[in-house]
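Side chains are part of it too, since the values below use all heavy atoms of this structure and drop only hydrogens, waters and symmetry mates.
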Amino acid sequence: MHRNRTAGRLLPWAFVLTLGLVALTTGRAQPPDPKNPPPAAAVDKTGALVVPLGGLVSFDPKLEFPPTDILISREDVLGVRLDPNNPKILLLTGKAAGISQLTIVQKGLPQLKYDVLVQPDLALLRNLIKRTVPTASVDVQPGIGNVIVLSGYVTSPQDADIIARLANSAVGGAAANVINAIQVGGVQQVEIDVVIASVDRTQLRSRGFDFAAPGRGSLSFSSLVSGLLGAQTGGLAAPTFSGDSNLQVAVVPNRFFGALRALRTEGVAKFLAEPRVVTQTGRPAFFRAGGQQAILSATSGITGPGVTLVPFGTELEVVPIVYGNGMIWLDINPRITAVSQGLGITVNGAASPGFTEQSVRSTVLLESGQTFAIGGLIQNSVNASSSKVPLLGDLPFIGTGFSRVDHTIRESELVILVTPRLVHPMDPCQAPKRLPGQETRTPDDYELFLENVLEAPRGQRKVWNGKCYNAPYKSDPTLGKYPCGPNGTCLPGNAAGALINPMPQGGYQTGRAMPAPTTMPAVSAPPAVLPSAGASIPMPVAEVPATPPTTLPPISGVPVGTPEPVPVTLPPLPPLGGAPLPPQ
């Protein structure tokens, strides 16, 4: 009983003593483990010691005796202490990025001075980059102060972004301390093809009928609902016809006037735009083909209303990013605007136009050469109106003369296609020989005033070739090469400039008629034998003279004798072009 009570009294004091020992040991620097010593300090090209920021390295200056004093020029950058296991070895700690000077003092010996460079742990960063992005070939070099320089190549922009983030974390998250000189390998030029196709169809049906019967006295009767006849100024005055009527009737003796409008109007408007732009991966591109329209704005001083320029036309804004697997990420915004006076407004007599706009903003991911429809629209609208006289306009058939009907149907279709492609620069031999506008020339006075030619093909032209008239297009040097065949090959035409005509086999021939092939008669001859050496070869003549035989050395597998040449008689051949053969 007494022993347990004493142990209970000593237990709190033992706990307090344990906490004090733990705090004392944690506050004091722990000596390095002899089994796992810290790595040795590296030396750069200038001979300075390299200490990683926040790391611990050992430095052996090869001292004969333990140092009596250690001096540090910047204690905020570098920390130094002796190794407890070996007093001749120093333990260096990097506190902040920078340069410091270390001076070691020994009794009776000259001082030793070393330059120490404290920088981020580049070896750890290199290993981390190698493990995270194994396909990258990136080199990490120290800069001035807490700055590192990245250089090398990666296969995709995603890998470059990962490496840049790792480097930012190595310098404490400061992106300004990382100089990124990494280049992305492979094809990085992207061509974006956009097709915008729009079709608007309208159908308008309108019907109206007005009549007027002035009468002979002061009594007159008329219906002017459709506005096809002008108002009468007096009872005996004849009404005026409007230009909107397509059928007008007037009976002069009876003084009757009628105007009818029965029209069906159909309209089609097609629009096709194909903007193309080439840019580098990760870089925005902008394309515009159009102009700027002046619209009214706020008052500008005493000169009246101000003017603001608003761009219109075909615009394309895109940002492509090429992934390592060949996929292309696109943030694309095509836009088409056009000036529309119908959408404008008029304020105090000053008119300002409006604009029609077709645009889309989208983000897609596709491969090179693939096509996506990123936008589409099918819109149908019907607008119908009727104006009529009460009661009279509701009567069947008779109400036609007291009413007006307008019926409008509008259909709109729109589709936007986008196709990205990885492209390379053209070889010099692939560059076009003639750019737009360079394939024609300005017409001379004869061509302009007498032939009404606004553009003439390049090349020398002779208007009259003897008694024949040569059109301007015949002076083009490419006349005989185009049109091309279905297989993409273009062959020149004949000397007269005739066009190329297709052949049944799919090829192309000139416009001239080809001569019929000459059929050679069959020649029967005895079995061929090996002629003697020095013998003349039989020619296609009436007779071949005999030649003295000569014995040749035997050839393996072929019996050789001394046969006499057999004269062969051939029919005469048709004459050939060129000089005759010399006599044998």
Exercise for the section: Say whether, by atom type as modelled, one donor and one acceptor occur between the side chain of R421 and the main chain of S368 under 3.5 angstrom. Expected result: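 Checking the backbone N and O of S368 against the side chain of R421, no donor-acceptor pair under 3.5 Å is found.
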
Practice task
Give a yes or no on whether the backbone of L91 and the side-chain of S58 come within a donor-acceptor separation of less than 3.5 Å.
Solution key: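 Here the side-chain-to-backbone pair does not exist.
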
Excluding sequence neighbours, so at least two apart, what forms salt bridge (charged side-chain N to carboxylate O under 4.0 Å, His left out) with [X]?
X    : answer
D161 : R165
K62  : D60
E413 : R201
E357 : R335

Any heavy-atom pair between the side chains of [Y] and [X] that's under 4.5 Å?
X    : Y    : result
R410 : Q379 : no
V268 : E266 : no
P334 : V360 : yes
L112 : L63  : yes
L82  : I70  : yes
V194 : L417 : no

With rounding to the nearest 0.5 Å, note down the distance linking [atom1] in [X] to [atom2] in [Y].
X    : Y    : atom1 : atom2 : value
L422 : E191 : CG    : CD    : 10.5 Å
Y153 : Q183 : OH    : CD    : 4.5 Å
I192 : L316 : CD1   : CG    : 7.0 Å
S362 : N333 : OG    : CG    : 10.0 Å
L366 : I328 : CG    : CD1   : 7.0 Å
E411 : Q203 : CD    : CD    : 8.5 Å

Minimum heavy-atom separation for [X] and [Y], please, with both atom names.
X    : Y    : result
P443 : L454 : CD-O, 3.2 Å
T337 : P311 : OG1-O, 4.0 Å
L296 : A351 : CD1-O, 3.9 Å
I295 : S352 : CB-OG, 3.5 Å
P457 : P472 : CG-O, 3.3 Å

Exercise for the section: Mind checking side chain to side chain donor-acceptor pair (under 3.5 Å) for E315 and listing every partner two or more places apart, or none if nothing turns up? Expected result: R288

Completion exercise
Applying side chain to side chain donor-acceptor pair (under 3.5 Å) to D139 and not counting sequence neighbours gives Q141

Handout entry: Results of side chain to side chain contact (heavy atoms under 4.5 Å, CB included) for A338 - residues two or more places apart only
Key =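 Checked A338 against side chain to side chain contact (heavy atoms under 4.5 Å, CB included); matches are T356.
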
Fill in the blank from the handout: Applying side chain to side chain contact (heavy atoms under 4.5 Å, CB included) to S198 and not counting sequence neighbours gives D200, F271, Q358, L414

Practice task
Give me the one residue out of T363, V364, I321 that meets side-chain contact (heavy atoms from CB on, under 4.5 Å) with D331.
Solution key: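 Result: among T363, V364, I321, T363 is the only option passing the side-chain contact (heavy atoms from CB on, under 4.5 Å) with D331.
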
Practice task
Write out all pairs satisfying side-chain hydrogen bond (donor to acceptor under 3.5 Å, both in side chains) with one or both partners inside residues 270-286, taking only residues at least two apart or from two chains.
Solution key: none

Practice task
Please lay out, stage by stage, how V43 and L49 fare under the test side chain to side chain contact (heavy atoms under 4.5 Å, CB included).
Solution key: CA-CA 5 Å; V43 181; L49 301 176; 3.9 Å; yes

Is it the case that more than 12 heavy atoms not belonging to [X] sit under 6.0 Å from its [atom1] atom?
X    : atom1 : result
L272 : CG    : yes
F287 : CZ    : yes
F355 : CZ    : yes
E64  : CD    : no

Handout entry: Qualifying ring-ring contact (aromatic ring centres under 6.0 Å, His included) pairs with a residue from residues 115-142, counting only residues at least two apart or across chains
Key =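 Residue pairs with at least one partner in residues 115-142: there are none.
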
Exercise for the section: Any ring-ring contact (aromatic ring centres under 6.0 Å, His included) involving residues 59-82? Give me the pairs, sequence neighbours left out, ordered by first then second residue. Expected result: F59-Y114

Let me have the donor-acceptor pairs involving side chains of residues 98-111, under 3.5 Å, with sequence neighbours excluded, atom names and distances please.
unit_1, atom_1, unit_2, atom_2, d
S100, OG, S73, OG, 3.2
S100, OG, R74, N, 3.3

Practice task
May I have the step-by-step check of side chain to side chain contact (heavy atoms under 4.5 Å, CB included) for V118 and L92, ending in yes or no?
Solution key: CA-CA 10 Å; V118 179; L92 307 180; over 6 Å; no

Problem - Trace of the side chain to side chain contact (heavy atoms under 4.5 Å, CB included) decision for H407 with V382 - result: CA-CA 8 Å; H407 191 275; V382 178; 3.8 Å; yes

Practice task
Give the C-alpha distance, both sets of side-chain angles, the deciding distance and a yes or no for side chain to side chain contact (heavy atoms under 4.5 Å, CB included) between V140 and L150.
Solution key: CA-CA 5 Å; V140 182; L150 302 176; 3.7 Å; yes

